Amino acid sequence: RPVLGFTILIDPGHGGEDDGARGRYYFAKKKWRLIKEKDIALSLSKKIHEQLQKKGFSSYLTRSVDRSVSLAERAEIAEKIEADLFISVHINSSDKSSPRGFETYYLDNHDDSAVKKVEQVENKDLKGEELIINKILTDLVISRTVTSSKGLATSIHARIHDKVGKKYKMKDRGVKPGLFYVLALTKRPAILLEVGFLSNSKELAKMLKDDLQDSYALAVADGNVSIADDLDV
């Protein structure tokens, strides 16, 4: 199917009362301001949205302002617009200041303890019966989407490596499987981007720059173009 037939939903992580991760941006000696994951995710998602439209895709956002959007609502939007692909945008964080770099996730099972820590953060709003239901759903979705999702993740990640990793000296942390319920609920090929670490002050300063965000957005769009004809959606 040509690119013009593809509909892509971009999902800025968090929003509204949910700030996501937080970090300090030092703009002068001992002077700083609080930066919230939800704000960077929205800014970057808008740029990705614009780049995809320029490439000929039909592109939509789960939110275009700072508002709360439940996981179920994000999935409902994907169904309503009949999205072929779903891309969730997040900013990583750690309890240490040294971790850095970008990584790309697709929905699949794994035994990686480091990935489980990221999952705990992104899945924290689910509990009880809802969590059990989503665990069952996840296994069903994985069997249907894992090949396409991994292909999408690999294609986009390679472009990020070339256009962002090298230029801005950001560490490539790789393509990884992860059990993220926002991806499972969409029931379609989907990936989750972790752009960099808010908890690393040098990396945070880079991510706030329009130049890096523009390069990242273009990389995501180019990765979609590369894989579009090969995806079975």
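Numbers here simply count residues along the sequence, with the first being 1. The structure presented is a predicted model; accordingly, all values stated were derived computationally and were not measured. When reading the values below, keep in mind they use all heavy atoms of this one structure, side chains included, and skip hydrogens, waters and symmetry mates.
With sequence neighbours excluded, no residue satisfies salt bridge (charged side-chain N to carboxylate O under 4.0 Å, His left out) with Arg63. Under the salt bridge (charged side-chain N to carboxylate O under 4.0 Å, His left out) criterion, Lys202 pairs with no residue at all, not counting sequence neighbours. When the salt bridge (charged side-chain N to carboxylate O under 4.0 Å, His left out) test is applied to Asp111, no partner is found at least two apart in sequence or on another chain.
Placement of Ile87 and Val225 within a single hydrophobic cluster is found when ILVMFWY residues are connected by side-chain heavy-atom separations under 4.5 Å, directly or transitively. The hydrophobic clustering, which links ILVMFWY residues whose side-chain heavy atoms are closer than 4.5 Å, places Ile142 and Leu71 together. Put simply, Val182 and Ile81 are part of the same group of oily side chains (I, L, V, M, F, W, Y) that touch within less than 4.5 Å, one to the next. In the hydrophobic clustering of ILVMFWY residues, with side-chain heavy atoms under 4.5 Å counting as a link, Phe57 and Val220 come out together. Taking hydrophobic clusters as Ile, Leu, Val, Met, Phe, Trp and Tyr residues chained together by side-chain heavy-atom distances below 4.5 Å, Tyr26 shares a cluster with Leu34.
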**Asked** Taking it one step at a time, do Ile156 and Val175 satisfy side chain to side chain contact (heavy atoms under 4.5 Å, CB included)?
**Response** CA-CA 10 Å; Ile156 289 178; Val175 175; over 6 Å; no

**From CA spacing to verdict: side chain to side chain contact (heavy atoms under 4.5 Å, CB included), Met170, Val164** = CA-CA 7 Å; Met170 292 180 70; Val164 180; 3.9 Å; yes

**Request:** Take Thr145 and Leu183, measure what side chain to side chain contact (heavy atoms under 4.5 Å, CB included) needs, and give me the verdict at the end.
**Result:** CA-CA 10 Å; Thr145 65; Leu183 302 187; over 6 Å; no

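Using a 4.5 Å cut-off on side-chain heavy atoms (C-beta onward), Ser199 and Ser94 make contact. When side chains are defined from C-beta on, Leu42 counts as touching Lys46, because their heavy atoms get closer than 4.5 Å. His110 has its side chain within reach of Lys116: a pair of non-hydrogen atoms, C-beta onward, lies under 4.5 Å apart. For the pair Ile10 and Val89, the minimum side-chain heavy-atom distance is below 4.5 Å. Inter-residue side-chain proximity for Arg74 and Thr186 is flagged as unmet; no heavy-atom pair is nearer than 4.5 Å. Pro12 is listed as a side-chain neighbour of Leu61, based on a closest heavy-atom distance under 4.5 Å. A heavy-atom distance below 4.5 Å is found between the side chains of Ile77 and Leu9. Annotation: side chain of Leu192 is not in contact with side chain of Val118 (no heavy-atom distance under 4.5 Å).
Looking only at atom types and distance, the side chain of Gln213 has a donor-acceptor partner in the side chain of Ser43 under 3.5 Å away.
Note that NZ of Lys54 and CG of Leu52 are 11.0 Å apart. Values are rounded to the nearest 0.5 Å. Separating the CG atom in Leu198 from the NZ atom in Lys36 is a distance of 12.0 Å, to the nearest 0.5 Å. With values rounded to the nearest 0.5 angstrom, Ser215 atom OG is found 12.0 Å from Asp162 atom CG. Distance CG/Asp84 to CD1/Ile8: 8.0 Å, rounded to 0.5 Å. Atom OG of Ser97 is separated from atom CG of Leu204 by 12.5 Å, given to the nearest 0.5 angstrom. For the atom pair Tyr25 OH and Ser201 OG, the distance stands at 10.5 Å (nearest 0.5 Å).
When every heavy atom of His49 is checked against every heavy atom of Tyr60, the shortest pair comes out as ND1-N, 3.9 Å. When all heavy atoms of Val146 and Leu107 are compared, the closest pair comes out as CG2-O, 3.8 Å. When all heavy atoms of Leu212 and Met207 are compared, the closest pair comes out as CD2-CA, 4.1 Å. Considering every non-hydrogen atom in both Asp108 and Pro177, the closest pair reads CB-CB, 3.7 Å. Here the shortest heavy-atom pairing between Pro189 and Ser149 reads CA-OG, 3.2 Å. Scanning both residues, Leu44 and Tyr216, for their nearest heavy atoms gives CD2-CD2, 3.8 Å.
For the pair Ser155 (side chain) and Gly151 (backbone), a donor-acceptor distance under 3.5 Å is absent. Under a 3.5 Å cut-off, the side chain of Glu37 and the backbone N or O of Gly20 do not form any donor-acceptor pair. A donor-acceptor distance shorter than 3.5 angstrom exists from the side chain of Glu194 to the backbone of Asn92, with no hydrogens or angles considered. Judged by distance alone, with hydrogens and angles left aside, the side-chain atoms of Arg144 form no donor-acceptor pair with the main-chain N or O of Leu140 at under 3.5 Å.
Considering Ile40, Asp19, Ile91 in turn, Ile40 is the only one that fulfils the side chain to side chain contact (heavy atoms under 4.5 Å, CB included) rule with Ile35. Screening Lys206, Lys47, Lys167 for a salt bridge (charged side-chain N to carboxylate O under 4.0 Å, His left out) with Asp211, the sole residue that qualifies is Lys167.
A salt bridge is defined here as a Lys NZ or Arg NE, NH1 or NH2 lying under 4.0 Å from an Asp or Glu carboxylate O, and Lys38 with Asp18 fails to meet this definition. Salt bridge Glu203/Lys169: absent, no basic N to carboxylate O contact under 4.0 Å. The pair Lys176-Glu103 meets the salt-bridge criterion, with a side-chain N (NZ, NE, NH1 or NH2) lying under 4.0 Å from an Asp/Glu carboxylate O.
Ring-plane geometry between Tyr105 and Phe180 is classed as perpendicular, the angle between the planes exceeding 60 degrees on a 0 to 90 degree scale with a lower cut at 30.
Among residues at least two apart or in separate chains, salt bridge (Lys or Arg N to Asp or Glu O under 4.0 Å) pairs with a member in residues 215-226 are Lys55-Asp222, Lys163-Asp222. Counting only residues at least two apart or on different chains, the ring-ring contact (aromatic ring centres under 6.0 Å, His included) pairs with a member in residues 156-178 are Phe102-His157. Applying the ring-ring contact (aromatic ring centres under 6.0 Å, His included) test to every pair with at least one member in residues 66-99, sequence neighbours left out, gives these pairs: His14-His90.
Within 6.0 Å of NZ in Lys187 there are 12 or fewer heavy atoms belonging to other residues, nucleotides or ligands.
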